[in-house]
Amino acid sequence: MQLVNDQWLCTYCGNAVDGIGLDARPVAFFHGTSGKPTQRVVTVDGLEVHRCEGQVNARREVLYDHARETRSNSAALRVDAQEARARATALVASRRH
């Protein structure tokens with residue numbers, strides 16, 4: 001489960017899950033039965049609030065794209081910070097001489 005724009009989304013199927021408070025702690029687990037597709041079950045305070053088989057849909061792809069973009073941006077910021085530190089160190093060193 002992922003909280004996006006004050007709405008809980010299932011990261012397995014991508015659908016919005018209503019009726020979950022913003023401060024809730026959803027618990028997800030997989031339920032498998034012989035001869036049937038594996039299902040993801042989400043509970044809050046011991047009550048089932050969502051069940052799905054994880055069909056890939058557009059919302060799920062949007063979640064994954066957002067996660068990839070966030071990781072990419074974070075990596076770029078780390079590189080920028082490292083370069084800025086190196087430049088600052090070089091500047092301080094040049095002023096000492």
Side-chain angles (χ1 to χ4, degrees):
M1 299 296 290
Q2 183 176 8
L3 189 59
V4 177
N5 297 328
D6 293 336
Q7 186 173 31
W8 285 101
L9 299 178
C10 176
T11 55
Y12 195 57
C13 72
N15 290 320
V17 181
D18 297 324
I20 302 177
L22 298 179
D23 59 342
R25 298 280 182 229
V27 176
F29 60 92
F30 289 98
H31 174 76
T33 304
S34 180
K36 294 185 179 179
T38 299
Q39 294 182 331
R40 182 172 194 233
V41 179
V42 179
T43 62
V44 174
D45 297 329
L47 300 173
E48 183 178 320
V49 295
H50 179 68
R51 182 180 291 250
C52 64
E53 295 178 3
Q55 298 87 358
V56 176
N57 64 28
R59 285 187 183 159
R60 184 176 182 192
E61 292 303 315
V62 166
L63 287 176
Y64 288 147
D65 288 345
H66 176 72
R68 279 191 292 270
E69 181 179 322
T70 300
R71 281 193 300 272
S72 176
N73 290 343
S74 295
L77 289 174
R78 279 192 299 275
V79 168
D80 289 345
Q82 289 170 347
E83 289 175 359
R85 278 192 294 274
R87 288 183 193 144
T89 301
L91 180 62
V92 168
S94 69
R95 289 184 179 176
R96 287 186 182 161
H97 297 289

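Model, not experiment: these values are computed from the prediction.
- With contacts defined as side-chain heavy-atom distances shorter than 4.5 Å, the pair Asp18/Gln7 qualifies.
- In this structure, Phe29 CZ and Gln39 CD are separated by 10.0 Å, a value rounded to the nearest 0.5 Å.
- When all heavy atoms of Cys10 and Arg40 are compared, the pair lying nearest together is SG-NH1, 3.2 Å.
- Closest of all the heavy-atom pairs between Gln2 and Thr11 is CB-CG2, 3.6 Å.
- The distance from atom CG of Leu3 to atom CG of Asp23, rounded to the nearest 0.5 Å, is 10.0 Å.
- Taking every heavy atom of both residues into account, Trp8 and Ala24 meet most closely at CZ2-O, 3.6 Å.
- Here the straight-line distance linking atom CG of Asn15 with atom NE2 of His50 works out to 6.0 Å at 0.5 Å rounding.
- The minimum heavy-atom distance linking Ile20 with Val49 is given by the pair CD1-CG2, 3.7 Å.
- Of all non-hydrogen atoms in Leu22 and Asp6, the two that sit nearest each other are CD2-O, 3.5 Å.
- For Val42 against Ala28, the heavy-atom pair with the smallest separation is CG2-CB, 4.1 Å.
- At a threshold of 4.5 Å between non-hydrogen side-chain atoms, the residues His31 and Thr33 count as touching.
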